[in-house]
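Structure record follows, encoded as structure tokens.
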Amino acid sequence: MISIEKWGTLELEFKGMSDRNPFEDYAIQAEITNENEKKTVTGFYDGDGVYKVRFMPMFEGEYQYRVYGSFSSEEYTGSFTVTSPSEENHGPVRAHGFHFFYDDGKPYYEAGTTCYVWVHQNDDLVEKTLETLSKGYFNKIRFCIFPKHYLYNLHEPVTYPYEGTPCDMEGFDPESLKGGFKIREGNKWDYRRFVPEHFRRIDRAVIALRDMGIEADIILFHPYDRWGFSQMAMEDMLFYLRYVMARYSAFRNIWWSMANEFDLLYNLSISDWEKLAMCVCENDPYHHLRSIHNCHVFYDHSRGWVTHSSIQHKQVELTDQWRIRYQKPVVIDEMVYEGDINQGWGNITGQELVRRFWESSMRGGYAGHGETFDRPDGILWWSHGGVLHGESPERIRFLRGILEETPGGLGLKCVSGKSDETVATPEKSGIPKYFIYYYGNGRSSSRKFHLDDETTFEVEIIDTWNMTIENAGKHKGLFNIPLPGRPYMAIRLREV
């Protein structure tokens, strides 16, 4: 008897016909039922005559399945048992109000990073990336299915998504990038024949991330391309999306990003994006989180298919305004990266990146990390992964620990956003009272408080850069808290 845990991934494998194009000419489906749910899921071809069906059970108990389709003249039936989830398995992440929760109700406080094409690097580099991620700095990572061509990204990927051959790079001049995104001549791809090993590499990455409790924020399209993948016909894009949904949606740690910098894909209109998004909605039976990321122009995040705002902007003080505008969780996935490259989007200090993390968090949103140090080996975390060299990651982990102590389990909201302080309190008001005052670049020697005359507060001084929490005693009425006169300080008040 097959046994998997709730929110695990059942994988059924069958041999089938492959004399024609098995990606297009044959189909495999499964009808899966138990007393609480019934789903029909689409499978996919995985090469070498093998077809697979993946399924994520949402309930415990006994399930039955029936697998059928033109891939085989036979039907297959069977059953499996779903057990209770393991301690670290909380299910998929969902959006509720302005915040995120796992399916079991546990709050999820996003602290993500970006490594656009780490899965397309050599195996040693992939393993280094996973080793770095295992240190627990981040609980989400953004990355692409398609390879990337841009500054610091001029080499070929380990695999390609389609059968065919890439353009010849001999004599390529990187300065040609200044003319925009140009598809080089000589690419020859069959957009109806995938390369399974390319997608198996992503399978392995998603599973490794899942086992570390990290969400895989998969970027479906992007403009940084010399191979022509960003210029496919609409029918080929939809064909690709259906394959990706069939292959990955049964993993609990999936998020869908329709695009990185959608507004630079000039060949696609808003109606095109809506059509592509509807394809994702219709072919993901588990309804994972969905968004779309901008460069200059925001998408309308109030659209029904968008579950949360994925934003690129350096002015994080606008977080609470974006909450009001879209009435959804706000994730600033790109707020400029810690690094030293000769590009304005990748050369802020670790202190500034951490400040932006705190500022967005105190305003009821979430933030994204990236690192772009110009290394002699040409390996930049933001694209290739590997190891981290910056100062921000452990401070981001420290912040997430603070967020996870929010009472009420609903995350924070901003109650005051002055130039010299940002004040946050739990989204769910009530007892006990709880406030965090964040002072950013300010260097006060003390701060006065008078919230009321009745409540006694336990006061803590948080050094967000040095990652210390100092107990400053119990106070009531009007009181003054001395501070060390350096930036990046916060004060936390908790009702006794």
What is the minimum heavy-atom distance between Phe138 and Pro393, and which atoms define it? CZ-CB, 4.0 Å
Would you say the ring centroid of Tyr160 lies under 6.0 angstrom from that of Phe229? no
Is there a side-chain contact between Ser249 and Pro285, using heavy atoms and a 4.5 Å cut-off? yes
Within-4.5 Å side-chain heavy-atom neighbours: Ile141 and Asp217: no
Using modelled atom types only, decide if a donor and an acceptor are shared between the side chain of Tyr240 and the backbone of Leu220 within a distance under 3.5 Å. yes
Identify the heavy atoms of Lys328 and Phe98 that sit nearest to each other, and give their distance. O-CD2, 3.6 Å
Between Arg242 and Cys279, what is the shortest heavy-atom contact and its length? CG-SG, 3.9 Å
Mind checking whether Leu241 and Asn283 have side chains closer than 4.5 Å, heavy atoms only? no
Run the salt-bridge test on Arg54 and Glu13 with the 4.0 Å N-O cut-off and return the result as yes or no. no
Paired with His155, the side-chain hydrogen bond (donor to acceptor under 3.5 Å, both in side chains) test is passed by just one of Gln121, His120, His149, namely Gln121
Worked verdict on Leu276 versus Met237 for side chain to side chain contact (heavy atoms under 4.5 Å, CB included): CA-CA 8 Å; Leu276 293 168; Met237 289 183 167; 3.8 Å; yes
Taking only residues at least two apart or on different chains, which pairs with a member in residues 368-378 satisfy side chain to side chain donor-acceptor pair (under 3.5 Å)? Thr113-His369, Arg375-His389
Over 60° means perpendicular and under 30° means parallel, so classify the ring planes of Tyr299 and Phe262, tilted if in between. perpendicular
What are the two closest heavy atoms between Val354 and Arg395, and how far apart are they? CG2-CB, 3.7 Å
Ionic contact status for Asp103 with Arg252, cut-off 4.0 Å: no
Please assess Lys140 against Asp333 for the test side chain to side chain contact (heavy atoms under 4.5 Å, CB included), listing each intermediate value before the final yes or no. CA-CA 10 Å; Lys140 180 171 78 76; Asp333 278 308; 2.9 Å; yes
Does NZ or CZ of Arg66 fall inside the cone over Tyr68's six-membered ring, less than 6.0 Å from its centre and within 45° of the axis? yes
Here the pair of heavy atoms bringing Ser392 nearest to Leu353 is OG-CD2, 3.6 Å
May I have the step-by-step check of salt bridge (Lys or Arg N to Asp or Glu O under 4.0 Å) for Glu131 and Lys128, ending in yes or no? CA-CA 5 Å; Glu131 182 182 351; Lys128 282 184 181 178; over 6 Å; no
State whether Tyr224 and Lys148 meet the cation-pi test: NZ (Lys) or CZ (Arg) under 6.0 Å from the six-membered ring centroid, and within 45° of the perpendicular axis. yes
Taking side chain as C-beta onward, heavy atoms only, is Arg247 less than 4.5 Å from Val244? no
Phe221 side chain near Trp273 side chain, heavy-atom distance below 4.5 Å: yes
Just by distance, do the side chain of Ser360 and the backbone of Val316 share a donor-acceptor pair under 3.5 Å? no
After noting the C-alpha distance and the side-chain angles of Gln343 and Leu151, does the key distance pass the side chain to side chain contact (heavy atoms under 4.5 Å, CB included) rule? CA-CA 10 Å; Gln343 300 289 312; Leu151 295 171; 3.7 Å; yes
Given the side-chain rings of Tyr162 and Phe194, with only the six-membered ring counted for Trp, is the space between their centroids under 6.0 Å? yes
Smallest heavy-atom separation, Ser361 atom then Leu403 atom, equals OG-CD1, 4.0 Å
So, do Ile218 and Trp256 sit near enough that their side-chain heavy atoms are less than 4.5 Å apart? yes
Check the pair Met56, Leu10 against side chain to side chain contact (heavy atoms under 4.5 Å, CB included), reporting the backbone distance first and the verdict last. CA-CA 6 Å; Met56 178 173 63; Leu10 172 74; over 6 Å; no
I'd like to check Val126 versus Trp118 (side-chain heavy atoms, cut-off strictly below 4.5 Å). Are they in contact? yes
Angle class for the Phe14/Phe71 ring planes (parallel below 30°, perpendicular above 60°, tilted otherwise)? tilted
When you compare the side chain of Tyr366 with that of Phe357, does any pair of heavy atoms fall below 4.5 Å? no
The salt bridge (Lys or Arg N to Asp or Glu O under 4.0 Å) partners of Arg356 (sequence neighbours excluded) come to Glu352
With a cut-off of under 6.0 Å to the ring centre and 45° to the axis, is Arg94 in cation-pi contact with Phe101? no
